[in-house]
Amino acid sequence: MTLDTNTQTRIDLIAVADLVQEGSRVLDVGCGEGELLELLRDKRQVDGRGVELSQAGVNACVARGLSVVQGDADRDLGDYPDDSFDYVILSQTIQATRNPREVLGQMKRIGRRVVVSFPNFGHWKIRLQLLLSGRMPVTRTLADEWYDTPNIHLCTVRDFLDLCETEHLAIEKTLMLAGEKSWTEHNPGARANLRAEQAVFLLYRK
Amino acid sequence: MSAATGAHTGTAPPDPHLEAPEARLETVTFGPDKPLRLDSGENLSPVTLAYNTYGELNADKSNAVLICHALTMDQHVANAHPQTGKPGWWLRMVGPGRTIDTDRFFVICPNVIGGCQGSSGPTETNPATGKPYGLDFPVITIADMVRAQAMLLDHLGIETLFCAIGGSMGGMQVLEWASAYPERVFSAIPMATAARHSAQNIAFHEVGRQAIMADPDWHGGTYLDHGTRPTKGLAVARMAAHITYLSETALFRKFDRNLQDRDTLTYDFGAPDFQIESYLRHQGMTFVDRFDANSYLYITRAMDYFDLAAVHGGVLANAFKGTKTRFCVVSFTSDWHYPTAYNKQIVHALIAAGANVSFVEIETDKGHDAFLLDEPVMDDTLAGFIASAARQRGLT
């Protein structure tokens, strides 16, 4: 079932929200100003919590009535008890963490399911930009110049699949996004890695 | 120059647009049938609590907000102080349409036991001797203060608080409330506080206590029998403590090395050379008019004894095991008295306990006293948290 939301909501957030069961417990790591948590609360009756690095983001969340603590995905996930959430979500944040592998490891410990969305560095436009211009690509989903981007650990769909394998994470569902389109990939391969601007993975512990 | 910030000081400049909500100044005394069992093992009886209320309790008694006051404040949170005439210390927060909306909530603010504004404390009469307690008053703890407040709620017929809120020592009481009576606290807002008093916190308090006890007018705590008051010692205690409520940035901004009513140094020790000296002396002098020296000893002792983890097997998270309370922890960047790190310890413990917790650190240069002052970001976050909690509680 797809959420009936206004078109202003980012397509990747809707894709993530669609993966979450109604009434579940969710931890959103790197929750920004709380758009996803608000969406999950209002449309999915989710009991949501958030972690956000920026003070402005946290303040905005709490002012919206969301339960969010100021913290760092790289440092502050250790406090959460095992299995304390149905889903732990890392939405458009993994590429900005210092140690993505450790963050993923914490997430699978805390949540029964893990949702990760990220910009796919394997998208054909990015490959082409680098090939033709010889410069670091700047796109709609990766809009910053190399010197001021927070994205220090970019990866492709295939890279991420490898990390899931290493971390013993099984894939329950994969969504690929490009422009306004989104589709399910049961076994994302080279083609998906070329076509997807963004990828959303629903994972669980093997 | 304008005396600066802080209702710790009781000198927060009144906003002429802020009207005080109607206050009811009440007192309740629990007789020998209801002694207060203290952490020390002693029983305190009779027990009197002086408290103020604002707003109306709703039919199902679900809209009560308990405001816990800090070390040197009292129950006059939103009304003019009967002794000094100054506006309530949190008037900007408490009133009709304000963050703690007296049109929606029934607000209760009790004077802590050990205090000197009408609740049982060292200035009150010891029924055994007919004289003021002085140092015969038993040593009390934060938990004792909270236990007495729970008796007050029983007296008012309030089973569950919609919200317990307080900064500094008020925050300690909020934490103790949530830990000791989790089912009685729907939401909790501990601000600029700590779950344990640090060596540095204790050190500053000890300086204050020694200053009081070094004053010959203290008379071993029996000054009321001697018709004296150790005002010099208490003023010095206040001056030392007041420094901890401000940030260095704020001191620099307001005073720097500016001279007080003069152009050159005096090369003397009489009148203050610097504005900061004059300011601190003023803080000390005005404080002694409204505060009791022995109360200062007792309450600082209670704060020093506070260590919520210690009474829960050394693990702070155990203090909040299974809690259903919604928490909003607030700290301030320039607060070095109860810095963000102390508040984060509380947050970490709440997370480990699986609690529903929000945490915000407010960017400010106003130091510890910021929780009393004009901080719009703090107002927004508190308003958001309280509105969301009120929805959950079914309050309209």
Side-chain angles (χ1 to χ4, degrees), chain A residues 23-35 37-42 45-88 103 106-107 109-112, chain B residues 99 187-191 315-318 320-334 339-341 343-364 375-393 395:
Chain A
S24 52
R25 278 173 57 80
V26 171
L27 178 65
D28 185 2
V29 182
C31 63
E33 301 203 335
E35 299 91 338
L37 279 174
E38 196 168 54
L39 185 67
L40 288 168
R41 179 188 66 191
D42 297 345
Q45 289 75 51
V46 152
D47 178 12
R49 312 284 162 79
V51 182
E52 169 58 31
L53 189 57
S54 87
Q55 187 195 313
V58 178
N59 293 344
C61 288
V62 178
R64 279 163 117 143
L66 301 165
S67 298
V68 172
V69 300
Q70 193 161 30
D72 183 341
D74 281 298
R75 272 207 320 258
D76 293 325
L77 295 181
D79 295 322
Y80 291 89
D82 295 355
D83 287 322
S84 46
F85 289 90
D86 297 315
Y87 300 88
V88 181
V103 171
Q106 287 287 358
M107 290 174 67
R109 179 186 65 76
I110 299 165
R112 291 181 189 84
Chain B
T99 306
S187 64
I189 310 179
M191 305 169 72
V315 181
L316 187 55
N318 289 347
F320 306 108
K321 230 179 197 162
T323 182
K324 298 263 190 293
T325 304
R326 306 160 61 89
F327 290 84
C328 183
V329 180
V330 181
S331 74
F332 299 88
T333 49
S334 56
T340 288
N343 293 275
K344 268 198 136 175
Q345 283 172 2
I346 299 163
V347 174
H348 291 315
L350 287 168
I351 287 172
N356 187 336
V357 55
S358 289
F359 164 62
V360 288
E361 183 188 28
I362 308 292
E363 180 96 39
T364 175
E375 291 288 349
V377 178
M378 169 180 77
D379 296 344
D380 289 349
T381 50
L382 289 186
F385 176 80
I386 289 171
S388 145
R391 267 197 307 276
Q392 299 273 327
R393 185 76 175 130
L395 297 173

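Numbered from 1 within each chain, the chains take letters A, B, ... in sequence-line order.
Among B:Leu382, B:Val377, B:Val360, the one residue that satisfies the side-chain contact (heavy atoms from CB on, under 4.5 Å) test with A:Val62 is B:Val360.
The two residues B:Ala352 and A:Pro81 have their closest heavy-atom pair at O-CG, 3.2 Å.
Contact tally against chain A (heavy-atom pairs below 4.5 Å) for B:Val357, B:Val329, B:Ile351: the top residue is B:Ile351.
No part of B:Ala390 comes within reach of chain A, as not one of its non-hydrogen atoms sits under 4.5 angstrom from that chain. Of the two parts of B:Ala383, neither the backbone nor the side chain holds a non-hydrogen atom closer than 4.5 Å to a non-hydrogen atom of chain A.
A search for ring-ring contact (aromatic ring centres under 6.0 Å, His included) contacts involving B:Phe320 returns B:Phe327, not counting sequence neighbours.
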Give the atom names and distances for all donor-acceptor pairs closer than 3.5 Å across chain A and chain B.
residue, atom, partner, partner atom, Å
A:Arg49, NH1, B:Ala355, O, 3.2
A:Gln55, NE2, B:Glu361, O, 3.1
A:Gly65, O, B:Ser388, OG, 3.2
A:Leu66, O, B:Ser358, OG, 3.2
A:Ser67, OG, B:Asn356, OD1, 2.5
A:Val68, N, B:Ser358, OG, 3.1
A:Val68, O, B:Phe359, N, 2.9
A:Gln70, N, B:Phe359, O, 3.3
A:Gln70, OE1, B:Glu361, N, 3.4
A:Asp79, OD2, B:His348, ND1, 2.3

